[in-house]
There are 2 protein chains.
Amino acid sequence: MDDKDRRSMPLFGIGIVMKLTELTARQIRYYEEHDLIHPERTSGNQRLFSFNDVDRLLEIKNYLDKGLNLAGIKLLLTGEPGEKEARKSNSEKQDLTDKELRKILRNEIAEAGRFGKASLRQGELSRFFVKH
Amino acid sequence: MDDKDRRSMPLFGIGIVMKLTELTARQIRYYEEHDLIHPERTSGNQRLFSFNDVDRLLEIKNYLDKGLNLAGIKLLLTGEPGEKEARKSNSEKQDLTDKELRKILRNEIAEAGRFGKASLRQGELSRFFVKH
DNA sequence: ATTTTTATGTAAGGTTTTCTAACATTTATT
DNA sequence: AATAAATGTTAGAAAACCTTACATAAAAAT
């Protein structure tokens, strides 16, 4: 079992994930609905989250706190836009995402300066558990 | 958050623990009933297991496979006998436990020889997840 | 050779957790 | 003012888990 397997192993119920991330069930499900995470399911359709999933939720939370919207976060995390944005290709909507990205950068730089390090990977749960 | 906290943090539902350890719910609850593990509970009384708990369950399973009984395992893992054995203090019952312990030792040595290393800590889940 | 104990299986009935779907609310954008 | 994005809330159903009780096979004690 290598590192990749360990971090992608479905382990946590949504209740524990709520505590670990301080997100509500509604939020977590909403982010899944928008393809930002893809937790496994039990045979009975209950969500089972991996370390990777939890890490990603923490990242999402970070970005939201910085004023990003889900579309921007999705672009950042997966490199892919959602359906809506895809349809509008490179019109004004695309510009908005660019604006968001610039906003991120500004924030990132500010945060990094404040703490002396890049804040991007802050709050990575697997850092505390999974051997890298 | 130090290592100790990480490993004793309540994270897993019994369903996941069943898969991780290949024990039945009945077995897991029975071992708890006999004070070999002490998982946390949610506010609604559902068991929540830590890495330590899962590790211990794997150890218990190992010893059972080697022919030990729960009393012996408990003595090994906690250094304390159960209530029944305590009452019978140092009579014949105590001798039996000693015999068990000798049996363990024999088995341990045999296993260690076979694999070149001590087999005692084999199957430690937290080794794969928790940074030591 | 019985009887007893140990470890586990199984079933019932109840409680907790999670699920989806729908509608409500808030804030930011147009 | 109207729309969209993100989250709250509620309801009913399904899944997971809980304890308790009884059953059973194998091992140990008598």
Side-chain angles (χ1 to χ4, degrees), chain A residues 10-19 21-37 39-49 57 60-61 63-75 81-85 87-88 91-93 95-97 99-100 103, chain B residues 10 12-19 21-37 39-49 57 60-61 63-75 81-85 87-88 91-97 99-100 103:
Chain A
L11 292 172
F12 310 112
I14 200 171
I16 301 143
V17 173
M18 288 172 64
K19 281 181 193 157
T21 62
E22 295 182 280
L23 293 168
T24 65
R26 182 66 166 96
Q27 289 175 301
I28 295 169
R29 295 189 190 116
Y30 186 71
Y31 305 153
E32 181 188 15
E33 196 180 328
H34 290 272
D35 277 326
L36 290 162
I37 46 168
E40 297 275 321
R41 301 288 183 126
T42 67
S43 57
N45 203 38
Q46 314 270 123
R47 269 166 268 253
L48 273 188
F49 299 79
L57 285 171
I60 293 169
K61 200 186 174 191
Y63 285 126
L64 282 173
D65 285 348
K66 289 177 183 167
L68 280 177
N69 65 12
L70 285 196
I73 296 172
K74 184 169 184 179
L75 213 53
E83 288 88 49
K84 277 189 204 164
E85 340 299 331
R87 273 195 268 104
K88 296 179 187 170
S91 66
E92 347 77 53
K93 199 70 181 184
D95 292 332
L96 266 184
T97 320
K99 200 159 105 193
E100 289 297 80
K103 197 164 161 189
Chain B
F12 310 111
I14 200 172
I16 300 141
V17 174
M18 287 173 63
K19 281 180 194 160
T21 61
E22 295 183 279
L23 293 167
T24 66
R26 181 65 166 98
Q27 288 175 301
I28 295 168
R29 295 190 189 116
Y30 187 70
Y31 305 154
E32 180 187 16
E33 197 181 328
H34 285 45
D35 277 324
L36 290 162
I37 47 168
E40 297 276 320
R41 300 287 183 127
T42 67
S43 57
N45 203 37
Q46 315 266 124
R47 268 166 267 252
L48 273 188
F49 299 79
L57 285 172
I60 294 168
K61 200 187 173 190
Y63 285 126
L64 281 173
D65 285 349
K66 289 177 183 167
L68 282 175
N69 65 11
L70 284 196
I73 297 171
K74 183 170 184 179
L75 213 55
E83 287 88 50
K84 275 189 203 165
E85 340 300 331
R87 273 194 268 106
K88 297 180 188 172
S91 65
E92 345 80 50
K93 199 71 180 180
Q94 188 67 28
D95 292 333
L96 266 184
T97 321
K99 199 159 105 190
E100 290 296 81
K103 196 163 159 189

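Letters go in sequence order (proteins before strands), and every chain restarts at 1.
- What separates NZ of B:K74 from C1' of C:dA7 is a distance of 15 Å, to the nearest Å.
- Atom-to-atom, CG of B:L68 to P of C:dT6 comes out at 15 Å; the value is rounded to the nearest Å.
- Checking the phosphate oxygens (OP1, OP2) of D:dT7, no side-chain nitrogen or oxygen of A:Y30 falls inside 4.0 Å.
- In this structure, A:E33 places its CD atom where more than 12 heavy-atom neighbours from other residues, nucleotides or ligands lie under 6.0 Å away.
- Taking atom CG of residue B:L36 and atom P of nucleotide C:dA7, one finds them 9 Å apart after rounding to whole Å.
- Minimum heavy-atom separation, A:L64 to A:L68: CD2-O, 3.4 Å.
- Atom CZ of B:F12 is separated from atom C1' of C:dT17 by 18 Å (rounded to the nearest Å).
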Exercise. List the protein contact pattern of nucleotides 14-26 of chain D with one symbol per nucleotide (5' to 3'): B for base contact, S for sugar-phosphate-only contact, - for none; contact means a heavy-atom distance under 4.0 Å.
Key: -SSSBB-------

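- Checking the phosphate oxygens (OP1, OP2) of C:dT8, a side-chain nitrogen or oxygen of B:Y31 falls inside 4.0 Å.
- Atom CD1 in B:I73 sits about 14 Å away from atom P in C:dT6, given to the nearest Å.
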Exercise. Apply side-chain contact (heavy atoms from CB on, under 4.5 Å) to the pair A:I28 and A:I37, showing each step before the final yes or no.
Key: CA-CA 9 Å; A:I28 295 169; A:I37 46 168; 4.1 Å; yes

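- We find that CG of B:N69 is positioned 10 Å from C1' of D:dA27, with the value rounded to whole Å.
- In this structure the side chain of A:L36 never reaches within 4.5 angstrom of the side chain of A:L57, judged on heavy atoms.
- Two residues are said to be in side-chain contact when any heavy atoms from C-beta on lie closer than 4.5 Å; A:R47 and A:E40 fail this criterion.
- Regarding A:I28, its CD1 atom lies at a distance of 10 Å from the P atom of C:dT18, rounded to whole Å.
- Annotation for B:R29 and B:I14: closest pair NE-CD1, 4.1 Å, computed over non-hydrogen atoms.
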